[in-house]
Amino acid sequence: NALFGAEAPAAISSAKIVLVGDSDVGKSCLALRLAERRFEQRGATHGMQIWSLTAAKLRQAQSEPHLEQQEVFLWDLGGQAEYQLVHQLFLHDTTAAMVLFDATRGTANYDAIEDWNRRLDVQAHGRPLQKLLVRTKTDLTTGVVDQRKLQALKDRCGFAGYCEVSALTGQGIDALVGCLTASLALDQAAKITRPALYQTIRYIIQQERASSAIIFYRELCKRLRGQQVVFRVADLDTVLRQLALEGQIVDILLAQGDRVLVLRIEVVSRYASSLVLAARDNPRGLPVLEPQRVLSPTMGFPGLKEDERLERATERVVVECVVQILLERGLCFQQGGVLIFPTLFPQTSLAETDQLPLTSPLYYDFDGPIDNIYAGLVAQMALSGEWGKVKLWSNLAQFEETNKAYLQSLGTTADVAGDISISTCPPTSTRRGEASSCHSLKTTCARETSMCCRGSHLIVTVRSFTSARTSCETV
């Protein structure tokens, strides 16, 4: 009661709403309109901004249920290309998502909507997630929406609702709030029934944040016991989940078993962005990182000034946390001692790859995520040093030395079955060494394999298909 006042709430429930979409579609202006019912012209969000408000304020109700505190957290995630990968780290515990688009941008909107929808679905990991499609800037008269395309997109992506709004005039805001509150179902949400414990932990974290970016879970438990706080582990974990929803902490279990709370969420975003830049700009021409180098004292963090970096001991723990989060959220994977970032492979069109002088391909049948299989194969070949310099695209890798190899991948991360084809550039005779090189691809990529090698140029193609082949060509 001393913490809350005369009437402490009997329970606390909360919801996390993310606003996603490409840069400058109006996410920050809409978040401000929802949180404070006013408009202010705002520039692009760099990183993220988190808005906190009560559910009663969101729906402009006079009061909340008696002795229950219902909170809503709006996560405004910057849409610039450099943030889109990193912000996927913060989508996994989302209650509801608003996917925003600006109709003045024409057909480019539809691809962007599908991209954001795919990211949300991947990070939801099968959990229920309410998604709303929101057209912004309806006060502008230049945008035209293709209703047939839009309806097909809504059906395909599974959006629970569609709203058209203007943050400038307030048009459509009440309808959007109605859709949101119906989607959130806070009355049925999980509740914190130990508000005094919640406030005590929050106070300790605020104190610790002033002097450090992290606190180990065991140290937090020690601090609580030192203050004579009686708690159960289950209650503590519930409070920590709540604080993670609020954007107060990132709770992560490291590979060696230590549980760490990162107390400044912007630190996670900052170091994750730096690691993504380091992978993208790797001098070997591949979006990969070596974990030992990342954790070494000599590691330079692109995009971070010296005065923005943490002191060395804390920085090492934070970087370990960031790497673990990147792996857990599927933004990279570890193979052959390196971290590989499939989504950082540059883009190319099929028209370019169709120009390759391919002979008749032979196929490897396989099961698994096609992007990871392709990226892992390319990385293994390039880092081996036996295939020469690699020229890289999203779905094509060209090895430029003697015994060149061309690897091509067609598909998305959602594909779980596909094939790898091997073909060659004519004309030379088969050589034993080249056949051996082909054979080394077998255990990397295929459950059932076929292979052939003719000529001095090797071409490997990866394709996806909806059902696995029942037979495999034999050489």
Side-chain angles (χ1 to χ4, degrees), residues 1-16 47-54 64 67-75 89-90 92-93 95 189-254 256-272 308-322 324-325 328:
N1 286 345
L3 289 167
F4 278 96
E7 283 194 327
I12 302 171
S13 59
S14 63
K16 174 180 176 179
M48 67 180 71
Q49 184 170 359
I50 302 172
W51 306 76
S52 171
L53 65 158
T54 64
E64 297 183 4
L67 290 182
E68 182 172 333
Q69 181 177 323
Q70 296 180 335
E71 294 183 313
V72 173
F73 299 92
L74 302 175
W75 289 55
L89 297 175
F90 307 106
H92 68 289
D93 53 1
T95 310
K191 295 175 174 57
I192 292 177
T193 56
R194 293 282 308 277
L197 176 65
Y198 163 74
Q199 289 289 19
T200 301
I201 294 173
R202 188 171 182 173
Y203 179 69
I204 290 174
I205 284 175
Q206 286 173 345
Q207 282 186 315
E208 194 67 26
R209 186 183 291 123
S211 58
S212 179
I214 62 169
I215 184 171
F216 284 87
Y217 179 83
R218 61 178 180 271
E219 179 62 26
L220 175 61
C221 293
K222 183 178 177 181
R223 291 277 302 274
L224 289 170
R225 294 187 182 103
Q227 296 187 20
Q228 308 301 312
V229 177
V230 179
F231 64 93
R232 296 181 306 166
V233 171
D235 292 332
L236 178 56
D237 287 345
T238 300
V239 170
L240 294 178
R241 281 195 296 272
Q242 166 70 16
L243 293 173
L245 282 176
E246 296 177 18
Q248 297 280 340
I249 63 169
V250 175
D251 185 1
I252 189 72
L253 183 66
L254 297 180
Q256 66 269 30
D258 285 327
R259 187 173 175 184
V260 180
L261 308 180
V262 183
L263 308 179
R264 302 176 193 164
I265 196 168
E266 73 278 3
V267 167
V268 174
S269 179
R270 198 159 63 225
Y271 274 90
E308 294 176 323
R309 293 181 58 174
L310 303 170
E311 59 91 15
R312 177 58 197 156
T314 302
E315 182 178 71
R316 181 184 171 91
V317 176
V318 167
V319 172
E320 283 188 75
C321 290
V322 169
Q324 189 66 28
I325 297 169
E328 287 183 3

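Here the structure is a predicted model, which means the values were calculated and not measured. Here, residue 1 is the first one in the sequence, and each next residue gets the next number.
At a threshold of 4.0 Å, the pair D237-R232 does not count as salt-bridged, since none of the basic side-chain nitrogens sits closer than that to a carboxylate oxygen. Comment: D251 does not engage R241 in a salt bridge, judged by the lack of any side-chain N to carboxylate O separation of less than 4.0 angstrom.
Listed by chain and number, the residues in a side chain to side chain contact (heavy atoms under 4.5 Å, CB included) with T314 are A213, I214, L310, E311, V318 (sequence neighbours excluded). Applying the side chain to side chain donor-acceptor pair (under 3.5 Å) test to R270 and every residue at least two apart in sequence or in another chain returns nothing.
Counting only heavy atoms from C-beta outward, the side chains of Y271 and C321 never approach each other to under 4.5 Å. Contact check for D258 versus R218: side-chain heavy atoms found under the 4.5 Å cut-off. Between L74 and I50 the shortest side-chain heavy-atom distance does not fall below 4.5 Å. Counting heavy atoms from C-beta outward, Q207 and R202 have side chains that stay 4.5 Å or more apart. Side chains of V260 and E219 form no contact here, defined as non-hydrogen atoms less than 4.5 Å apart.
For the atom pair CG of L236 and OG1 of T200, the computed distance is 11.5 Å after rounding to the nearest 0.5 Å. The line from CD1 of I249 to CG of L261 is 5.0 Å long, rounded to the nearest 0.5 Å. Between atom OG1 of residue T54 and atom CD of residue Q70 there is a gap of 9.0 Å, rounded to the nearest 0.5 Å. In this structure, the separation between CD on Q227 and OH on Y203 is 8.0 Å, given to the nearest 0.5 Å. Separating the NZ atom in K16 from the CG atom in D93 is a distance of 3.5 Å, to the nearest 0.5 Å.
Looking at every heavy atom in both residues, S211 comes nearest to R264 through C-NH2, 4.2 Å. S52 and F73 make their closest contact through OG-CE2, 3.5 Å (heavy atoms, listed as atom of the first residue, atom of the second, distance). The shortest heavy-atom contact between I252 and E328 is CD1-OE1, 3.5 Å. In terms of heavy atoms, Y198 sits closest to L243 at CE1-CD2, 3.9 Å. Heavy-atom minimum distance, A244 versus W75: O-CZ2, 3.7 Å.
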Going through the distances and angles, do R259 and L240 end up as a side chain to side chain contact (heavy atoms under 4.5 Å, CB included)? CA-CA 12 Å; R259 187 173 175 184; L240 294 178; 3.7 Å; yes
Applying side chain to side chain donor-acceptor pair (under 3.5 Å), run through E320 and Q256 and close with a yes or a no. CA-CA 10 Å; E320 283 188 75; Q256 66 269 30; 3.1 Å; yes
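Partner of S14 under the side-chain hydrogen bond (donor to acceptor under 3.5 Å, both in side chains) criterion, chosen from E246, Q242, E71: Q242.
A donor-acceptor pair is defined here as one N or O able to donate and one able to accept, closer than 3.5 Å; such a pair exists between the side chain of R209 and the backbone of L263.
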